[in-house]
Amino acid sequence: MPESVFFDYADVNKLHRADPFRQRKQASLILPLLMTKSVAVLGGGIGGLAAAHYLGRFGCCSRVVVVEGTHRLGGWVSSTTHHDQVVFEHGPRTLRVVGNAGMNTLALAEELGLADQVRGISYGHPSAKNRMLMVGGKLHKLPNSVKALFTKSPPFSKPLALSGVRDLMAPKVVNNDESLFSFVNRRFGHEAAKYGIDPMSRGIFAGNARELSVNCIARRLRDVEQKHGSVFLGMFKDRKNAVKPDKKLSSNELVKRAKREKWVVWSVAGGLENFVKALENNVLENNTEIWKNMPVKGMLKSGGKFVIQTEEKELEVDNVISCLPSNIMSNVIQPVSPKLSTLLSSIPYVTVGIVNLEYPGQLIEEPGFGYLVPSSEPNRVLGVIYDTCTFPQGDRTILTVMMGGYWFKELFGDDPSLESLLDEALTEVRQSLKIKVKPTRYHVRILRDCIAQYVVGHSETVDSARKLISDMELPLALAGSSYDGVGVNDVIMSAKNAASGV
Ligand SMILES: Cc1cc2nc3c(=O)[nH]c(=O)nc-3n(C[C@H](O)[C@H](O)[C@H](O)COP(=O)(O)OP(=O)(O)OC[C@H]3O[C@@H](n4cnc5c(N)ncnc54)[C@H](O)[C@@H]3O)c2cc1C
């Protein structure tokens, strides 16, 4: 059964292919003798490509090979450009600016020559200000100003500022980890958990806040609570220990522009896949080899080296950076370390249904980023993103309906038809947004096992995996979205860290 269906137009993305002859010729001309290490980067998602880019930039290797299992690069970063240049995003659509990881991705965009194509969304923009919740069949704007925190804004029965007061009074509970829901419930009250962290977890992880780890996802909040007994008090008292902005990154021209223009999020003209294409071109220029359609089946240890096994050929290298999802890497690493394999296989994944819908005209009454649905509501979707409120594309409305995640099997079974998911999406927008007309174009996709779930204990799992690698003295680094953050910024940062360790 196909996992994706188009209503109208075929995908017209054309991917640049590697030219091994050109690569060998260039490599023989410019390789300094000191660069002796060969590195295999497993997986050609944004993580793998970023790792290859940084290996090239750090100039430590004689040979870098990205081994990708499919015919295309980018993994979950996937945009379709239709014949009339209208873009649908099937995976990530906006990247955050905040923090060193956010600045790092902007700096990378500039390095790749994308500065002119970056599109920033500032604080005052409706899609930055208006984030909504669907509760009781109605849309509610989340409080977005100091004043709004002190007034009662449904679905919250009391002003949200009272949650802060509760945090100052609630006793701390000493523990190593707990669920996000339990932490927020304990510190800020049940409504903050039910209408705050629950839908947010569905929006970011397509996951269940009752299972996701606070230690991993909101570690600083948990740490200051454990140290000072209150999140607010702790954040104030501990402000000197907050991560400092990296000076080099802060001085990047695109970062400075983002700060000047108060961007909250950004994307690339023509879709985020253009970021992937720029990365691909860049790593090819740096003599990296890209093997497409070459799923890694396993790897073996041979002396101090690794042998990467694919169906067609083998590759012997000094170092490996794995940017494969942990559930795939678990199988690949089995012959080298069954124990590491077991640890990696314990990280769960969820499947998400994505429906892109396009309508003529402007159909959204209250512009915003979109809305999320708390898990306590009967709606059968995780949320709806108003794509064209953030990045308009002429006189049309484009929405993306996200569904399933942690609840995919319970709601839709193992193998729902794409038509049934389309029906679910159309029902949702008909009931919630009163959109009764038929879409002019749509696209439905099932993204199997697309988001790793950082459940309670995730940090210990990742630490144990890395300790095992170090104890066994394996020249292997784990990077990508399975370990240190699922956002694109975190993935790129993890790839940079892995490359700097080679
Ligand atoms: C629907 C959705 C929406 C999202 N929205 C956002 C957002 O708005 N903002 C944001 O910052 N993040 C978002 N994310 C998260 C972000 O997109 C991902 O975490 C990130 O793209 C993962 O990159 P990766 O390289 O780690 O992994 P992947 O994208 O999973 O790449 C892994 C690569 O490995 C390849 N591979 C698999 N098996 C093998 C094998 N055996 N051999 C060789 N290659 C193999 C795959 O084909 C793939 O190319 C979203 C994710 C999803 C799914």
Side-chain angles (χ1 to χ4, degrees), residues 15 40-52 65-79 88-99 101-102 105 202-207 265-267 271-273 275-276 279-280 290-299 308-312 315 320-333 349-356 369-370 382-383 385 387 390 400-405 445-454 478-495 498:
L15 289 163
V41 177
L42 310 185
I46 190 98
L49 286 173
V65 185
V66 176
V67 190
E68 164 57 38
T70 67
H71 71 285
R72 65 175 287 280
L73 298 172
W76 298 120
V77 182
S78 167
S79 328
F88 284 1
E89 292 283 17
H90 311 295
R93 55 213 61 225
T94 48
L95 307 186
R96 283 158 57 82
V97 169
V98 73
T105 310
R202 281 158 68 89
I204 298 171
F205 281 85
V265 292
W266 60 279
S267 185
L272 262 189
E273 196 162 320
F275 195 96
V276 171
L279 258 180
E280 181 180 7
I290 298 182
W291 295 6
K292 291 181 188 170
N293 275 322
M294 209 72 81
V296 179
K297 299 280 175 212
M299 57 197 272
I308 309 299
Q309 300 172 312
T310 72
E311 209 111 89
E312 279 178 43
L315 170 68
V320 171
I321 297 179
S322 170
C323 294
L324 297 174
S326 54
N327 54 352
I328 309 277
M329 186 56 183
S330 154
N331 295 331
V332 168
I333 200 70
Y349 279 77
V350 295
T351 294
V352 175
I354 295 280
V355 182
N356 306 102
F369 184 79
L382 300 168
I385 298 168
D387 293 292
T390 309
T400 303
V401 183
M402 308 251 182
M403 50 184 87
R445 228 177 237 199
I446 297 174
L447 311 182
R448 295 256 170 225
D449 293 340
C450 62
I451 307 184
Q453 301 293 290
Y454 295 1
L478 300 174
S481 56
S482 308
Y483 310 104
D484 310 305
V486 296
V488 167
N489 292 337
D490 297 321
V491 169
I492 290 174
M493 203 53 150
S494 80

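Not measured: the values here are computed from a predicted model. Each ligand, and each atom within it, is numbered from 1 in the order the structure gives.
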The answer for which part of Thr310 has a heavy atom under 4.0 Å from ligand 1 is neither

Heavy atoms only: which of Leu324, Asp449, Asp484 lies closest to atom 37 (C) of ligand 1? Leu324

Could you tell me which non-hydrogen atom of Phe205 sits nearest to which non-hydrogen atom of Gln453, and how far apart they are? O-NE2, 2.9 Å

side-chain hydrogen bond (donor to acceptor under 3.5 Å, both in side chains) between Thr400 and Arg93, intermediate numbers included: CA-CA 10 Å; Thr400 303; Arg93 55 213 61 225; 2.8 Å; yes

Shortest protein heavy-atom distance from atom 23 (O) of ligand 1, along with the residue and atom involved: Ile46 CG2, 3.5 Å

Would you compute the distance between atom CG of Leu324 and atom CD of Glu68 and round it to the nearest 0.5 angstrom? 8.5 Å

Proximity flag Thr94 to ligand 1, non-hydrogen atoms under 4.0 Å: yes

What protein heavy atom sits nearest atom 34 (O) of ligand 1, and how far away is it? Gly43 CA, 3.4 Å

With heavy atoms of Cys450 as the reference, note each atom of ligand 1 found under 4.0 Å away. 53 (C)

For Leu279 and Leu49, the nearest pair of non-hydrogen atoms, with its separation, is CD1-CB, 3.8 Å

Ignoring hydrogens and angles, tell me if any N or O in the side chain of Ser322 forms a donor-acceptor pair with the backbone of Leu478 under 3.5 Å. no

Contact between ligand 1 and Val486 is defined here as a heavy atom of the residue under 4.0 Å from a ligand atom; is it met? yes

Under 4.0 Å between heavy atoms, the region of Val491 that gets near ligand 1 turns out to be side chain

Can you list the ligand 1 atoms lying under 4.0 Å from a non-hydrogen atom of Gly480? 26 (O)

Could you identify the single nearest non-hydrogen protein atom to atom 31 (O) of ligand 1 and state the distance to 0.1 Å? Gly45 CA, 3.4 Å

Under 3.5 Å: donor-acceptor pair, side chain of Thr351, backbone of Asp449: yes

closest protein heavy atom to atom 7 (C) of ligand 1 is Pro92 CB, 3.4 Å

If you measure every N or O of Leu447 against every N or O of ligand 1, does any of those distances drop under 3.5 Å? no

Protein contact of atom 38 (N) of ligand 1 - nearest heavy atom, named by residue and atom, plus distance: Ile328 CG2, 3.7 Å

Numbering the atoms of ligand 1 from 1, which are under 4.0 Å from a heavy atom of Val67? 43 (C), 44 (N)

To the nearest 0.5 Å, what is the distance between CG (Leu272) and OG (Ser267)? 3.5 Å

So which protein heavy atom does atom 12 (N) of ligand 1 come closest to, and at what separation? Val488 N, 3.5 Å

Under the rule for salt bridge (Lys or Arg N to Asp or Glu O under 4.0 Å), what residues qualify as partners of Asp484, not counting sequence neighbours? Arg466

Residues Leu315 and Ala40: closest non-hydrogen pair is CD2-CB, 3.8 Å

Find all atoms of ligand 1 within a distance of less than 4.0 Å from any non-hydrogen atom belonging to Gly47, and give their numbers and elements. 25 (O)

Just by modelled atom types, is the His90 backbone N or O under 3.5 Å from a matching donor or acceptor in the Ser78 side chain? no

Quick one: closest heavy-atom pair of Val41 and Ala51, and the distance? CG1-CB, 4.1 Å

For Asn356 and Glu89, indicate whether the former's side chain and the latter's backbone hold a donor-acceptor pair under 3.5 Å. yes

Atom indices of ligand 1 within 4.0 angstrom of Ile354 heavy atoms, with elements: 1 (C)

At under 4.0 Å between heavy atoms, is it the side chain or the backbone of Ser482 that contacts ligand 1, or both, or neither? neither

Numbering as shown, the atoms of ligand 1 that approach Cys323 to under 4.0 Å (heavy-atom distance): 32 (C)

Which option wins on minimum heavy-atom distance to atom 21 (O) of ligand 1: Leu42, Val77, Asn327? Val77

Backbone of Ser326 reached by a side-chain donor or acceptor of Tyr349 within 3.5 Å: yes

Is His90 close to ligand 1, meaning an N/O of one under 3.5 Å from an N/O of the other? no

Gly75 heavy atoms within 4.0 Å reach ligand 1 at atoms 29 (O), 31 (O), 48 (C), 49 (O)

Minimum-distance pair of heavy atoms, taken over all atoms of Val67 and Met294: CG1-O, 3.3 Å

Tell me whether Gly69 has any N or O atom under 3.5 angstrom from an N or O of ligand 1. yes

Closest protein heavy atom to atom 40 (C) of ligand 1, given as residue, atom name and distance to 0.1 Å: Val296 N, 3.6 Å

Among all protein heavy atoms, pick the one closest to atom 27 (O) of ligand 1 and tell me residue, atom and distance. Ser481 OG, 3.9 Å

Tell me the closest heavy-atom pair linking Leu382 and Ala206, and the distance in Å. CD1-CB, 3.8 Å

